[in-house]
Amino acid sequence: MNGAYSGWLIGAALLLALAAVVTAVRDRPMGPVLLAGLGLLELAVLAQAGFALAGLGHVVEKATFIGYLAGTAVIPPAAMWWGRAERTRWGPGVIAVAAFTVAVMTGRLLQVWNAGA
């Protein structure tokens with residue numbers, strides 16, 4: 001796993017979480033900006049999963065690592081579905097929590113990855 005790419009991914013997820021919090025505070029439903037942000041976040045997470053699975057050989061805790069990878073890949077589509085269904089301020093709130101969770105889980109992925117290095 002590339003530390004620079006993961007750092008960029010964490011930053012992008014936190015930026016999306018901030019945009020979602022601002023949208024929720026303004027009492028607006030999820031708009032196209034948050035929807036596009038979730039889509040881009042999902043693509044970035046899937047690319048990271050591809051890179052990580054290619055070099056999985058040196059990871060000590062494989063089950064934990066794969067669990068975090070799978071969980072991270074499932075969160076943005078679930079948030080997109082839930083955010084579109086909830087047309088109040090809580091839709092962007094769900095997106096903020098999901099984006100923050102992706103950032104935290106990516107950080108944890110780096111910890112598990114570096115433990116085997």
Side-chain angles (χ1 to χ4, degrees):
M1 231 168 77
N2 187 341
Y5 184 81
S6 297
W8 173 86
L9 181 61
I10 291 169
L14 291 175
L15 185 64
L16 178 62
L18 178 64
V21 166
V22 168
T23 303
V25 168
R26 293 181 61 213
D27 200 15
R28 304 271 191 239
M30 182 177 77
V33 171
L34 292 180
L35 187 64
L38 274 173
L40 290 173
L41 185 64
E42 176 66 11
L43 288 175
V45 165
L46 290 176
Q48 174 183 282
F51 298 145
L53 288 175
L56 189 62
H58 80 280
V59 174
V60 176
E61 300 178 30
K62 285 183 180 38
T64 302
F65 189 79
I66 291 173
Y68 274 107
L69 262 179
T72 305
V74 168
I75 290 172
M80 189 178 303
W81 173 78
W82 193 352
R84 287 185 56 86
E86 183 64 51
R87 300 305 297 171
T88 64
R89 75 169 41 186
W90 299 113
V94 167
I95 293 165
V97 170
F100 183 74
T101 304
V102 166
V104 170
M105 289 180 75
T106 302
R108 181 66 181 127
L109 276 168
L110 274 173
Q111 288 176 343
V112 173
W113 180 271
N114 291 331

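A quick note: this is a predicted structure, and the numbers were derived from the prediction, not measured. Side-chain atoms are counted along with the backbone in the values below, which use heavy atoms only and exclude waters and symmetry mates.
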When you measure from the side chain of Tyr5 to the backbone N and O of Ala47, does any donor-acceptor pair fall under 3.5 Å? no
Over 60° means perpendicular and under 30° means parallel, so classify the ring planes of Trp113 and Phe65, tilted if in between. tilted
Co-members of Leu15 in a cluster of I, L, V, M, F, W and Y side chains, linked at under 4.5 Å: none
Residue pairs passing the salt bridge (Lys or Arg N to Asp or Glu O under 4.0 Å) test with at least one member in residues 25-42, sequence neighbours excluded, are Asp27-Arg89
Is any side-chain heavy atom of Ile95 less than 4.5 Å from a side-chain heavy atom of Met80? no
In chain order, what residues pass the side-chain hydrogen bond (donor to acceptor under 3.5 Å, both in side chains) check against Ser6, with sequence neighbours excluded? Gln48
Which ILVMFWY residues are connected to Val25, directly or by a chain of links, through side-chain heavy atoms under 4.5 Å apart? Val21
Looking at residues at least two apart in the chain, or sitting in another chain, which of them share a side chain to side chain contact (heavy atoms under 4.5 Å, CB included) with Leu53? Leu56, Leu69
Close side-chain approach of Pro29 and Thr88, heavy atoms under 4.5 Å: no
Considering all heavy atoms, the nearest Pro92-Leu34 contact: CB-CD1, 4.0 Å
Taking salt bridge (Lys or Arg N to Asp or Glu O under 4.0 Å) as the cut-off, I'd like each qualifying pair that reaches into residues 76-87, sequence neighbours left out, listed once. none
Residue pairs passing the salt bridge (Lys or Arg N to Asp or Glu O under 4.0 Å) test with at least one member in residues 96-115, sequence neighbours excluded, are none
Please, which pairs that meet side chain to side chain donor-acceptor pair (under 3.5 Å) have at least one residue in residues 90-102, sequence neighbours excluded? none
Mind checking ring-ring contact (aromatic ring centres under 6.0 Å, His included) for Phe100 and listing every partner two or more places apart, or none if nothing turns up? none
What pair of heavy atoms forms the shortest contact from Leu46 to Ala73, and how long is it? CD2-CB, 4.2 Å
For Ala24 versus Gly93, what's the shortest heavy-atom pair and its separation? CB-N, 4.1 Å
Side chains of Leu9 and Leu41: closer than 4.5 Å at any heavy-atom pair? yes
With sequence neighbours left out, write down each residue that passes side chain to side chain contact (heavy atoms under 4.5 Å, CB included) with Ala103, or none if nothing qualifies. Ile10, Ala13, Leu14
Side chain proximity check, Met30 to Thr23, heavy atoms < 4.5 angstrom: no
Side-chain cluster (under 4.5 Å, hydrophobic types only) that Trp82 belongs to, other residues: Trp81, Val94
What are the two closest heavy atoms between Val74 and Pro77, and how far apart are they? O-CD, 3.2 Å
To the nearest 0.5 angstrom, please state how far the OG1 atom of Thr72 sits from the CG atom of Leu109. 5.0 Å
Please go through Val97's hydrophobic cluster and name the other residues, only I, L, V, M, F, W, Y counting, with side-chain heavy atoms under 4.5 Å joining them. none
